[in-house]
Undergrad: 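Sharing a structure here in structure tokens format.
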Amino acid sequence: MKAAFRNMYLGAACVAALAPQMASAQSTVTLYGRVVSGLAYIDKVYDPVANASFSKTMVASNQWGTSMWGLKGNEDLGGGLAANFVLEGGFELKNGGAGAGLFNRRAYVGLSNASWGSFRLGKNLFISNDVWDLDPTGQQWVGSATLVRGRSWVGANNVVEYSTPNMGGFSATGQISFGEQAGNSKANRGEGISMTYANQDLMLRAIYSRRHDVAGTFTDVYNTSKETIIGGTYKIGPAKLFAAYDYITAPNALLTAPSKLKHGWVGVRYDVTPALTLIGSVFHVKADRVAGKATLAMVGADYSMSKRTLLYASFGGVRNSSGANFGVDTGISGNPAANQSQRTVYAGIAHSF
């Protein structure tokens, strides 16, 4: 009898010891993140009160990329089906500010399967953020968001999202962000689709998105509007070439505000060594009515000290005309006066974990 109890005890102990290992084989949770900070100088910041322009030096958090942290998990449900989640928040490293909410970038749960794709519910970046891999700068402060005043940087709440599996190099994602307004299903709603074709050194992408205002219409070309982006990249040896065209409309905009933007860019990333990458790009935008036009140029360098730590340095300049006053860094540091040029230089460090 004692032997039987002893064997039962030993069996229970073995099961208890193996349980964490069994659980870890079926489910994983990963902590990840990135911290970015540096110094920035910008000239010709216009002060309308003083009616004068000044330069500014600042410690900045997110010029190269967003400082963020997150948790992501996956559970194998068997038969190729998995449950997964992401909780992710961005913050300002220079002051520790967390922005609007703890998980202000992503907070979703979903199911995925290699055969039929993945399905997500919750909060995510708006689908126009898919433009990042068409941007030679990787969406730095001086990049594809600058001359559209950050339209592609926004987030999306109340999201239902579906991504196809990779089908011979083709994949697509569809997203709806519900406005949840009684009596007007279009109010504050966003929706879009992103389609990609990738084959060896070639990548092509097309993105169409719409963001409605509180009345369900399109009144602000930089915010509540319709956007179409078409572009691609091609790798030739150590060089990766970029080109894209971006067309934005807000048909319900006031006559004193722009209703159309024609925006395009070309650029290159060149790997001098496995650690050092040089970046060059030129962006141009033309708005209708009174908003004018502008040309933005950027050169920069990324130097990887390790797999996780990177040094960056970038220089950018914007030239405005026909009444435009686009800021060189998306207006984060302050816009110039109308028809004035503006320059910035920034450098810093990014560490991923």
Undergrad: Can you spot which of Thr30, Val29, Thr28 makes a side chain to side chain contact (heavy atoms under 4.5 Å, CB included) with Lys72?
TA: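 That would be Thr30.
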Undergrad: Has Asn320 got a side-chain atom pairing as donor or acceptor with Phe326's backbone, closer than 3.5 angstrom?
TA: yes
Undergrad: Would you tell me whether Thr219 and Asn252 have side-chain atoms, one donor and one acceptor, within less than 3.5 Å of each other?
TA: no
Undergrad: Measure centre to centre between the rings of Tyr162 and Trp116, then say whether the value is under 6.0 Å.
TA: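 So the answer is no for these two rings.
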Undergrad: Which value, rounded to the nearest 0.5 Å, describes the distance between Leu261 atom CG and Asp246 atom CG?
TA: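 Separation between the atoms: 8.0 Å.
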Undergrad: Looking at Asn158 and Phe178, would you say the former's side chain and the latter's main chain have a donor-acceptor pair under 3.5 Å?
TA: yes
Undergrad: Please round to the nearest 0.5 Å and tell me the distance separating atom OG1 of Thr196 and atom CG of Asp130.
TA: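 Thr196 OG1 to Asp130 CG: 6.5 Å, rounded to 0.5 Å.
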Undergrad: Here's one to test your reading of the geometry: is the NZ or CZ of Arg151 within 45 degrees of the ring axis of Tyr222 and under 6.0 Å from its centre?
TA: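 No, Arg151 does not lie over the aromatic ring of Tyr222.
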Undergrad: Report yes or no: do Thr224 and Asp220 form a side-chain donor-acceptor pair below 3.5 Å?
TA: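 Note: Thr224 and Asp220 side chains miss the donor-acceptor criterion.
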Undergrad: Rounded to the nearest 0.5 Å, what separation is found between the NZ atom of Lys293 and the OG atom of Ser321?
TA: 5.0 Å
Undergrad: Mind checking whether Trp265 and Phe283 have parallel, tilted or perpendicular rings, split at 30° and 60°?
TA: tilted
Undergrad: Only one of Lys56, Gln340, Arg343 forms a side-chain hydrogen bond (donor to acceptor under 3.5 Å, both in side chains) with Asp43, so which one is it?
TA: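 Among Lys56, Gln340, Arg343, the one meeting side-chain hydrogen bond (donor to acceptor under 3.5 Å, both in side chains) with Asp43 is Arg343.
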Undergrad: Rounded to the nearest 0.5 Å, how far apart are CD of Gln342 and OG of Ser55?
TA: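 Going from CD on Gln342 over to OG on Ser55, the span is 10.5 Å.
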Undergrad: In Å and rounded to the nearest 0.5 Å, what is the CG to CD distance from Asp133 to Gln139?
TA: 9.5 Å
Undergrad: Would you please classify the geometry between the Tyr312 ring and the Trp64 ring as parallel, tilted or perpendicular, with 30° and 60° separating the classes?
TA: parallel
Undergrad: Looking at Phe126, does the NZ or CZ of Arg211 lie under 6.0 angstrom from its six-membered ring centre and within 45 degrees of the ring axis?
TA: yes
Undergrad: Should the pair Arg269 and Phe242 be classed as cation-pi, given the thresholds of under 6.0 Å to the six-membered ring centre and 45° from the axis?
TA: no
Undergrad: Val159 and side chain to side chain contact (heavy atoms under 4.5 Å, CB included): which partner among Arg106, Gln175, Lys123?
TA: Gln175
Undergrad: With a 6.0 Å cut-off on ring centres, are Phe218 and His212 close enough?
TA: yes
